[in-house]
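The next block holds one structure in the form of structure tokens; read it before the comments.
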Amino acid sequence: MRLNGVLTAGLVLLPGLLGFSGATAAAAANPPASPTPSPTATQPSSTATPPPAAGEDNDPPNEATVAERSATVMASTNFQLPFPCGQTWVGNNSGSSAHRAYEIDFNRGSTAEADHGDPVVAAAAGTVVISSHQGSANGFGNLVKIDHGGGWTTFYAHLTNRTVSAGARVTQGQQIGTVGRTSKPGNNISSHLHYEVRQGEGYPGNIRKAVFNGATFGYPIQTLTSKNKCGGGGGGATNPHTAQSVCGSGYKVVDSAALGTAGTVYLLYSAGSGKNCVATIKKTSLGKATATSAYLEVQGKSRVTDSGNFTYFAGPVQASAPGKCVKWGGKAGTAVFNSPFEHCG
């Protein structure tokens with residue numbers, strides 16, 4: 001469930017995420033100077049930070065190649081915060097001993113798990129070159145890496161799930177996964193998004209200062225409000241999420257019901273997993289936390305509900321219902337929809 005508020009920096013990441021010693025935390029709090037990202041930016045010396053721990057692969061190989069036509073150098077790539085328009089997040093560079101240079105851990109909410117499951121979106125358009133769980137190779141857990149052309153890439157780590165595949169083209173603001181706490185076995189971390197910008201090769205010297213909406217991140221800690229895909233500069237005029245992106249790959253809409261002008265609740269099904277999914281997608285008050293809910297009830301079982309004050313959607317609520325009928329529904333604003341038992345089988 002997503003909650004609102006601001007998480008204190010101390011909850012961003014538990015020390016020892018990738019097995020590094022606590023001594024590196026001081027270096028991360030005062031990282032070496034680095035130029036603002038540009039196509040001609042020079043690469044800082046990799047001797048400024050210690051090498052990765054033995055046996056860890058913090059520069060995993062790509063799983064997909066990028067066509068030359070997709071690797072056009074853009075002189076003014078406009079990276080945005082990797083979260084939906086209007087959301088406010090706390091970025092922390094100094095709260096983890098795992099950081100080697102300019103990495104950022106993002107949180108929001110009043111507790112360590114308040115943002116677990118929140119959507120993560122692409123900071124800029126590009127091609128997904130990694131979408132996998134990194135297992136024991138490193139501490140990234142579920143990782144998505146996007147190639148933006150000209151040697152620029154972004155990393156999104158510890159995701160609960162990934163909603164894009166390697167080789168896929170993504171647009172700025174498109175959902176690529178959700179905030180989580182996946183890592184390598186034995187790493188007990190709290191939920192957060194680990195975000196990096198890299199240019200070229202040579203980890204960790206290729207890690208660059210992050211730039212959002214044209215302004216360099218205020219290292220080591222800064223609170224920012226996303227302008228990603230805001231459309232016309234604010235307010236969140238268009239919901240960047242769809243029922244399919246919320247429920248995940250393989251789901252298709254089988255039914256829907258309008259919730260007045262405030263939103264729509266959708267029932268989806270995945271033939272691959274055999275599961276149903278319900279999501280309520282808001283149409284108004286986008287970027288503002290308002291009462292929203294989605295539920296799914298399999299005949300003979302307890303109802304499962306996702307309900308709270310959400311900025312863009314409620315859900316996903318998923319369940320397997322072989323040979324059973326389901327009730328489904330949701331709420332947005334004051335409008336409510338409740339189905340009878342239907343879609344049996």
Answer with yes or no whether the hydrophobic clustering places [X] together with [Y]; edges join I, L, V, M, F, W, Y residues whose side-chain heavy atoms lie under 4.5 Å apart.
X	Y	answer
I104	V121	no
L268	V298	no
L286	V246	yes
V170	F83	yes
V254	V304	yes

Nearest-0.5 Å distance, [atom1] of residue [X] to [atom2] of residue [Y]:
X	Y	atom1	atom2	result
K275	C247	NZ	SG	11.5 Å
S320	L296	OG	CG	10.0 Å
K327	S339	NZ	OG	7.5 Å
T182	L143	OG1	CG	9.0 Å
Q87	K288	CD	NZ	15.5 Å
F212	N228	CZ	CG	10.0 Å

Hey, are the side chains of [X] and [Y] touching, using non-hydrogen atoms and a 4.5 Å cut-off?
X	Y	answer
N92	H192	no
Q318	Y251	yes
H99	H194	yes
F337	T264	no
N206	Q199	no
F106	V120	no
T261	K283	no
L193	P82	yes

N/O donor-acceptor pair under 3.5 Å between Q172 side chain and A123 backbone
yes
Please confirm whether the backbone N or O of V179 pairs with a side-chain atom of T160, one donor and one acceptor, at under 3.5 Å?
yes
Tell me the closest heavy-atom pair linking [X] and [Y], and the distance in Å.
X	Y	answer
A321	N276	CB-OD1, 3.9 Å
S132	I130	OG-CG2, 3.9 Å
G135	P185	O-CD, 4.0 Å
G330	V265	N-CG2, 4.0 Å

Does one side chain, of [X] or [Y], offer a donor that lies under 3.5 Å from an acceptor on the other?
X	Y	value
N213	Q80	yes
Q175	T163	no
K282	T292	no

Hey, would you say the [X] and [Y] ring centroids sit under 6.0 Å apart?
X	Y	result
H148	F79	yes
Y195	Y156	yes
W328	Y266	no

Do R198 and Y203 meet the cation-pi criteria used here (NZ or CZ under 6.0 Å from the six-membered ring centre, within 45° of the axis)?
no
Report the C-alpha separation of S165 and V128 in whole Å, then their side-chain angles, then the decisive distance to 0.1 Å, and conclude whether the side-chain contact (heavy atoms from CB on, under 4.5 Å) test is met.
CA-CA 7 Å; S165 302; V128 177; over 6 Å; no
Pair E297, F341 - check side-chain contact (heavy atoms from CB on, under 4.5 Å), show working.
CA-CA 9 Å; E297 180 181 342; F341 277 116; 3.7 Å; yes
Any salt bridge between E63 and K145, counting N to O under 4.0 Å?
no
Is there a side-chain contact (heavy atoms from CB on, under 4.5 Å) between N161 and N142? Walk through the geometry before answering.
CA-CA 7 Å; N161 59 49; N142 271 320; 5.5 Å; no
